[in-house]
Amino acid sequence: MSSRRQILVAGIGNIFLGDDGFGSAVIRRVPEKLDAPGVRIVDYGIRGMHLAYDLLDGCQALVLIDAVPSQGAPGTLHVFEPDHEPLSTASGMDAHAMDPQAVFATLTALGGTAPHTVVIGCEAADLDEGIGLSDAVEAAVPAAVRAVVEVVAHLSARSPVGGG
């Protein structure tokens with residue numbers, strides 16, 4: 001990743017497991033204007049090892065878009081900064097799976113450190129096999145896209161990008 005790409009916006013999840021494809025659905029709708037110097041937008045899907053290696057190359061901030069376990073209100077968005085501290089350095093990484101904790105553990109095992117991370121998560125309704133989001137999660141996609149734009153703007157203002 002070039003030093004000019006200091007904010008990585010990463011959609012993750014398995015599109016073949018219903019709402020787990022939330023991250024990919026959001027990435028497909030993120031405005032192209034975000035794909036500018038200092039911002040890199042990638043749909044990683046289930047390529048966790050690829051994300052770990054891209055993080056190893058370095059970035060100042062990561063915006064991670066993913067489905068999160070339901071707390072009783074499918075479709076509810078949560079924007080938060082995860083705690084990287086309790087992560088183990090033992091990886092057990094499956095190159096074709098996407099578990100953010102495993103990605104960060106792999107990154108640590110490779111000698112890297114997790115960047116400042118903001119998660120935009122949506123409570124999942126259905127993680128059964130099948131392509132397509134549930135109605136509740138699909139309805140949350142436009143708000144998630146707005147959240148991505150707002151988070152990237154905040155991160156860009158906080159730490160100028162593109163200046164390498």
Side-chain angles (χ1 to χ4, degrees), residues 1-32 34-70 77-124 127 129 131 144-145 147-164:
M1 184 182 321
S2 121
S3 63
R4 295 179 47 96
R5 302 285 190 169
Q6 296 175 350
I7 297 174
L8 176 59
V9 179
I12 63 171
N14 188 335
I15 63 168
F16 298 108
L17 294 177
D19 290 341
D20 197 49
F22 174 75
S24 294
V26 172
I27 286 293
R28 284 192 305 271
R29 294 176 182 108
V30 168
E32 289 182 24
L34 280 185
D35 193 15
V39 179
R40 182 174 179 213
I41 303 167
V42 180
D43 179 1
Y44 284 94
I46 58 171
R47 296 173 297 134
M49 190 65 75
H50 185 176
L51 174 57
Y53 275 104
D54 280 356
L55 292 173
L56 189 60
D57 284 344
C59 65
Q60 288 184 341
L62 169 66
V63 179
L64 196 60
I65 308 158
D66 194 11
V68 297
S70 181
L77 286 180
H78 300 276
V79 179
F80 60 95
E81 297 178 12
D83 179 11
H84 296 299
E85 291 306 313
L87 299 177
S88 162
T89 57
S91 166
M93 183 73 176
D94 176 349
H96 300 288
M98 176 51 78
D99 174 352
Q101 287 188 331
V103 170
F104 292 126
T106 299
L107 177 63
T108 300
L110 292 170
T113 57
H116 175 81
T117 303
V118 177
V119 174
I120 299 172
C122 181
E123 291 188 30
L127 298 175
E129 287 185 14
I131 297 175
V145 170
V148 169
V149 172
E150 291 169 9
V151 167
V152 168
H154 174 77
L155 291 170
S156 295
R158 193 178 108 188
S159 171
V161 295

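Heavy atoms only: backbone and side chains are in, while hydrogens, waters and symmetry mates are out.
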Enquirer: Is the shortest heavy-atom distance from the side chain of H50 to the side chain of V42 under 4.5 Å?
Expert: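 H50 does not reach V42 side chain to side chain.
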Enquirer: Taking all non-hydrogen atoms of both residues into account, name the closest pair between C59 and L8 and its distance.
Expert: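 The pair with the smallest heavy-atom distance is SG-CB, 4.2 Å.
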Enquirer: Any idea which heavy atoms bring A144 and L77 closest together, and the distance?
Expert: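 A144 and L77 have their closest heavy atoms at N-CD1, 3.4 Å.
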Enquirer: Output the distance between atom CG (L110) and atom CE (M49), rounded to the nearest 0.5 Å.
Expert: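 Those atoms lie 7.0 Å apart.
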Enquirer: Do other residues, nucleotides or ligands put more than 12 heavy atoms under 6.0 Å from the CZ atom of F80?
Expert: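 Atom CZ in F80 is crowded, with more than 12 foreign heavy atoms closer than 6.0 Å.
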Enquirer: Is the shortest side-chain heavy-atom distance between H116 and L62 below 4.5 Å?
Expert: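 No. Closest side-chain heavy atoms not under 4.5 Å.
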Enquirer: Quick check: closest heavy atoms across V152 and I7, and the distance to 0.1 Å?
Expert: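 It is O-CD1, 4.1 Å.
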Enquirer: Quick one: CD1 on I27 to OH on Y44, what's the gap to the nearest 0.5 Å?
Expert: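 One gets 9.5 Å once the value is rounded to the nearest 0.5 Å.
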Enquirer: Applying the side-chain contact (heavy atoms from CB on, under 4.5 Å) criterion to N14, which one of D19, I131, L127, I46 satisfies it?
Expert: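 Going through the options one by one, the only one that passes is I46.
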Enquirer: Can you name the residues that form a side-chain contact (heavy atoms from CB on, under 4.5 Å) with V151, not counting sequence neighbours?
Expert: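 V151: side-chain contact (heavy atoms from CB on, under 4.5 Å) contacts with V63, V79, V118, I120, L155.
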Enquirer: Looking only at heavy atoms, which two atoms of L64 and P100 are closest? And how far apart?
Expert: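 Closest approach of L64 to P100: CD2-CB, 3.9 Å.
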Enquirer: Nearest heavy-atom pair of S70 and E123: which atoms, and what distance?
Expert: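 Nearest heavy atoms, S70 then E123: OG-OE1, 3.4 Å.
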Enquirer: At what distance, to the nearest 0.5 angstrom, does NE2 of H78 lie from CG of D66?
Expert: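 It is 12.5 Å, given to the nearest 0.5 Å.
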Enquirer: Flag the pair P31 / V148 as yes when at least one side-chain heavy-atom distance between them is below 4.5 Å, and no otherwise.
Expert: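 Sidechains of V148 and P31: no contact.
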Enquirer: Kindly give the heavy-atom pair with the smallest separation between L107 and P115, and that separation in Å.
Expert: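 Where L107 meets P115 most closely, the heavy atoms are CD2-CD, 4.5 Å.
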Enquirer: List for me each residue that meets side-chain contact (heavy atoms from CB on, under 4.5 Å) alongside I15, sequence neighbours excluded, and say none if there are none.
Expert: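 Per chain and number, I15 pairs via side-chain contact (heavy atoms from CB on, under 4.5 Å) with S24.
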Enquirer: Taking side-chain hydrogen bond (donor to acceptor under 3.5 Å, both in side chains) as the definition, give me every residue that meets it alongside R28, ordered by chain and number, with sequence neighbours left out.
Expert: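 Listed in chain order: nothing, the list is empty.
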Enquirer: Could you give the distance from CG (L51) to CG (L56), rounded to the nearest 0.5 Å?
Expert: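 Rounded to the nearest 0.5 Å, the CG-CG separation comes out at 11.0 Å.
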